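This is a predicted model, so every value here is computed, not measured.
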Amino acid sequence: MAIALVLSGCERQQGHVVETMSGAPIVRQHDPAKVVAGEQVYRQHCVRCHGEHGEGAPQWRQVGVDGKYPPPPLDGSGHAWHHPRHWLQEMIHEGSPAGQGNMPAWKDKLTDQDIDAVVEWFQSTWPDQVYAVWFEMQQNTRR
């Protein structure tokens with residue numbers, strides 16, 4: 001995994017520089033208003049399944065007794081960072097693919113802005129190293 005270089009100190013700060021795997025520096029920024037709104041959406045709708053801090057179900061990698069996967073972590077310790085932002089938004093919007101999980105479709109309960117904000121919030125909780133790898137993958141998929 002990439003080694004992050006945090007030039008602005010040890011604490012996670014808005015707008016600090018992180019080094020990607022290729023060595024390119026990026027400025028890690030999250031819209032503060034979206035982060036606050038996203039955390040509120042998360043606390044109201046997502047915390048019950050994904051956990052207080054986005055840690056997911058303990059056995060999230062193992063199929064449950066219902067034949068479906070439990071809620072995965074969203075805190076950077078699971079696989080959410082393997083996916084582009086639009087995929088994360090679509091998963092929230094449409095829910096789990098049939099037979100794979102119990103994630104409901106939120107398209108009739110949350111606005112696109114709510115969904116965007118909740119993704120912004122949980123991405124803001126990712127460790128710098130995870131975010132840097134995700135960011136670089138996101139850039140590479142756009143080429």
| said: Within the structure provided, determine whether Asp66 and Asn102 are in side-chain contact (heavy-atom separation under 4.5 Å). | reply: yes

| said: Taking Pro127's backbone N and O only, do any of them form a donor-acceptor pair with Gln129's side chain (distance below 3.5 Å, no angle check)? | reply: no

| note | Note: Gln59 and Pro70 closest approach over all heavy atoms is O-CG, 3.7 Å

| field | Ring centres under 6.0 angstrom apart (Tyr131, His30) | value | yes

| Between Glu136 and Ser22, do the side chains contain an N or O donor and an N or O acceptor separated by less than 3.5 Å? | yes

| Taking Glu120 for the side chain and Asp31 for the main chain, is one N or O donor matched with an acceptor at less than 3.5 Å? | yes

| How far does CZ of Arg28 sit from CG of Asp128, to the nearest 0.5 angstrom? | 5.0 Å

| message | Quick check for you: to the nearest 0.5 Å, what is the distance between Ile115 atom CD1 and Glu94 atom CD? | response | 8.5 Å

| message | If I compare all heavy atoms of Val35 with all of Trp121, which pair ends up nearest, and what's the gap? | response | O-CD1, 3.5 Å

| said: Tell me if a side-chain donor or acceptor on Ser96 pairs with a main-chain N or O of Gln100 at a distance below 3.5 Å. | reply: no

| request: Would you name the heavy atoms of Ile26 and Phe135 that are closest together and state the gap between them? | output: CG2-CE2, 3.3 Å

| message | What verdict does the side chain to side chain contact (heavy atoms under 4.5 Å, CB included) test give for Val41 and Leu110, after you've listed the backbone C-alpha separation in whole Å, the side-chain angles of each residue and the deciding distance to 0.1 Å? | response | CA-CA 9 Å; Val41 170; Leu110 299 177; 4.0 Å; yes

| message | Taking side-chain contact (heavy atoms from CB on, under 4.5 Å) as the criterion, tell me which of Met91, His93, His45 meets it with Trp106. | response | His45

| Same apolar cluster (I L V M F W Y, side chains within < 4.5 Å links), Val47/Trp126 | yes

| So do Val27 and His16 actually touch side chain to side chain, heavy atoms under 4.5 Å? | no

| query | Is it true that the side chains of Asp75 and His50 contain a donor and an acceptor less than 3.5 Å apart? | reply | no

| task | Identify the heavy atoms of Leu88 and Ala80 that sit nearest to each other, and give their distance. | result | CD2-O, 3.6 Å

| Atom pair CD/CZ of Glu39 and Phe122 - distance to nearest 0.5 Å | 13.5 Å

| query | Linking I/L/V/M/F/W/Y whenever any side-chain heavy atoms sit under 4.5 Å apart, do Met21 and Trp81 land together? | reply | yes

| query | Any side-chain heavy atom of Pro71 within less than 4.5 Å of one from Trp60? | reply | no

| message | Whether the side chain of Trp134 engages the backbone of His83 through a donor-acceptor N/O pair (distance < 3.5 Å, no angle test) should be reported. | response | yes

| Should we count NZ of Lys109 as having more than 12 external heavy atoms under 6.0 Å? | no

| query | Between Arg61 (side chain) and Pro72 (backbone), is there a donor-acceptor pair under 3.5 Å? | reply | no

| field | Arg85 atom CZ, over 12 foreign heavy atoms within 6.0 Å | value | yes

| task | Would you name the heavy atoms of Ala132 and Val18 that are closest together and state the gap between them? | result | CB-CG1, 3.6 Å

| message | Just verifying a value: how many Å separate Lys34 NZ and Gln123 CD, rounded to the nearest 0.5 Å? | response | 10.0 Å

| request: Starting at CG of Leu74, measure out to CD of Glu55 and round the result to the nearest 0.5 Å. | output: 9.5 Å

| request: May I ask you to decide if Met137's main-chain N or O and Asn140's side chain share a donor-acceptor pair within less than 3.5 Å? | output: no

| field | Heavy-atom closest pair, residues Met103 and Ile92 | value | CE-CA, 3.7 Å

